[in-house]
Amino acid sequence: MLKARFRGIRTRILVIALVPSLLLICVGVGTSIYLFNDGRHAEDFARTLDSHLTPTRELVLAVEQERLLSVSQLAGEAIDPGALVAARMRFDTALKSLAVTEAALQRVGGSAMGNTVAAFDELKARLPELRSAIDAGRLPIADAYDFYSRLLDGMDQGSATIGQFAPDAPTGADLARNMGLLHVVESMSRASALTAAVVHPQSVSPTLFAEYRNLVSYYHVEIARLAAVLDADNAQRIKDLTASPAWQQVSSMESAIVEARPATAPQLPMSVPEWRAAADEVSQQLVTLWVGHAKQAQQHAADAGARHARNSLLAAGVLSAVAVLAFLLSLWLANQLIGRLKRLRSETLAVAEVRLPETMRRLNEGVRIDPETEAAQLDFGTDEIGQVAQAFNRAHGAAVAAAVTEANTREGVRAVFSNIAHRSQIVVHRQLEILDAAERRQEDPALLETLFQLDHLATRGRRNAENLIILGGGRPGRQWRRPVPLGELVRGAIAETVQYARVFTGAGLPSVFVNGAVVADLIHLLAELVDNATAFSPPQSRVDVTGNLIGTGVVVVISDQGMGMSDSELERANEVLADPPDFSVATLSSDSRLGLFVVARLGIRHGISVRLTESDYGGVRAIVVIPTAVLAAENAGIAAPSAVQRW
């Protein structure tokens, strides 16, 4: 059943168009879903960063403050114990706030972010022990500095990991610049934490002093670089910051420390409290600059994600629309093709079922036909369908040409048969005239009987010649100008039968008259039926001819007592009588019965119905219905069957 569904050309074309269209839709929708999810992920990424920004800022500030105070206390500087306790409480609060966003960070950052969070949690677990060591004064400055720096290194790595999931290149670039600002903030904070120690060279190792120089150099160079790559507003903020008095104070303090000889106390340009106030101001401005740029980068990321998702939906719609349009175009083209094929089918059927039979009918009627004019003129363009139409035009033209040739041949054969029949008819007519003259002069009964037999044989020969003329489409030479009584007409037909003595007409026939134009053909028709009845019945049996008036005319019944015919033979014979075949088919048939075809032709010519049935004696009954149209009025002139003849 499935195979049958794909037999139509329309179905095959639509399948060919539907498969790539569906594939395009699937690919387009799948790609769009992926891009949409990617855009939603980018938007979620931006929202997560925004929710993470405030806790991160607070944590950075808390770590920097606790680191500064812890290193200062370990370096021997007198600090307010309450300030360190407050810094530690602030750090703990920041850690609790950050814990809320850690799950969201791991969802955005994946396994890499999970590893960073795990390392950060490990450092937090060591925080109580480290604080106890600081309070006891037994923790080296380098260890305290390293611990708090590693905490912020974890934050730095987390930010870098999240940056890898930026939705597009501009957002990634913004995040990279934001990472640069964070590095500046952290480097400046680390340098500030070490400043409290390096002012006392005896408490600082050469490694920490080198670290200090590197940090100072790095954040000064990095902030200058960022001023060149950030947008105009942020670049102007950096310029304002580097031109501020607080920046100048911090820079002069750092320059004095860096320029001092190793293990030598530097000549400070200001007191430590003054420097610390300036450093706090610079740190706050840097943090503000970093947070502002981070918000700007996150807004760009959110906008990019939303735009990405919107473009993905638009792309899905466009791809789906293109696929639907492609399928609709294929459907339209398929309908156009099917429409042309249907028109080709209808026009070819019209040519085959209407024009060609009409051409054959006209040829049978003897109409002259030009094959080129009658050939089909189907015009369907020059493509494959047009080529099929042209091939049918040629086939139809060849069929018409063959039919014309056959009609000409058949007409020629008919002409030959008619010519031969007419010649034979003339000879038989002369023979009958001579026999008639001899019969009138002869008085010897035996010789006269012989002449009568010859006369009947000549009459049969004349009827055979007339048969050929009738089959050839012509008319016999005998004609009657006036109506003839039906009884005389029947006796004339019986007289043409060799075994006329076996034929009986019963009590008589209806007193009706037949038009003279029909007399010759009706005599011929009845003579063929009577002759057939005597020929196919036993020699001692009789053949009865009866007649009667009916509503549609007169019926003449000819019954014999022969062997009869089978039902199939009767059926075929009646089919021939109702619709006589072409003369060439009849004469060339191996089972040709010329008398039956002649009766059929004569009956069709005058509307006389002839039908064969089984008789009461097992033989054949021929029922001849003569319509009223061929009967004459009772007062019309009457002529004997042989009164007027024209050959």
(message) Closer than 4.0 angstrom, basic N to acidic O: yes or no for D146 and R190?
(response) no
(request) Answer yes or no: is there an ion pair linking E222 with R225, defined by an N-O contact shorter than 4.0 Å? (result)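 A salt bridge links E222 with R225.
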Are the side chains of [X] and [Y] in touch, meaning some heavy atoms are under 4.5 Å apart?
X	Y	answer
Q249	P269	no
I257	F209	yes
E211	T207	no
L84	D135	yes

Could you measure the distance from the [atom1] atom of [X] to the [atom2] atom of [Y]? Nearest 0.5 Å is fine.
X	Y	atom1	atom2	result
T242	Q285	OG1	CD	10.0 Å
M270	S252	CE	OG	3.5 Å
L182	L289	CG	CG	11.5 Å

To check you understand the geometry: which heavy-atom pair defines the closest contact between [X] and [Y], and what is its length?
X	Y	value
F147	L127	CE2-CD1, 3.5 Å
W275	S192	CH2-O, 3.2 Å
L241	W247	O-CB, 3.1 Å
A136	R138	CB-NH1, 3.0 Å
R340	G386	NH2-N, 4.2 Å
I134	A144	CD1-CB, 4.4 Å

(request) Could you walk me through whether N234 and L181 pass side-chain contact (heavy atoms from CB on, under 4.5 Å), step by step? (result) CA-CA 11 Å; N234 288 314; L181 285 173; over 6 Å; no
(message) Donor-acceptor pair, distance only, cut-off 3.5 Å: does the side chain of S217 make one with the backbone of R213?
(response)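 Confirmed, S217 side chain pairs with R213 backbone.
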(request) Return yes if some donor-acceptor pair links the side-chain N/O of S187 with the main-chain N/O of V184 below 3.5 Å, else return no. (result)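 Here the side-chain-to-backbone pair does not exist.
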(request) Determine, stepwise, if the pair V216 / H220 fulfils side-chain contact (heavy atoms from CB on, under 4.5 Å). (result) CA-CA 6 Å; V216 171; H220 278 276; 3.7 Å; yes
(request) Go through the steps for M188 and V250 under the test side-chain contact (heavy atoms from CB on, under 4.5 Å), then give the verdict. (result) CA-CA 10 Å; M188 192 268 176; V250 172; 4.1 Å; yes
(request) Tell me whether the centres of the aromatic rings in H183 and W290 are closer together than 6.0 Å. (result) no
(request) For Q236 and D240, test the side chains for any donor-to-acceptor distance below 3.5 angstrom and give the result as yes or no. (result)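 Side-chain D/A pair, Q236 to D240: present.
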(message) Just to verify, what does N214 make a side chain to side chain donor-acceptor pair (under 3.5 Å) with, not counting sequence neighbours?
(response) none
(message) I'd like to know whether S271 forms a side-chain contact (heavy atoms from CB on, under 4.5 Å) with R276, so could you lay out the CA-CA distance, the side-chain angles of the two residues, the decisive distance to 0.1 Å, and finally the verdict.
(response) CA-CA 9 Å; S271 65; R276 182 168 294 165; over 6 Å; no
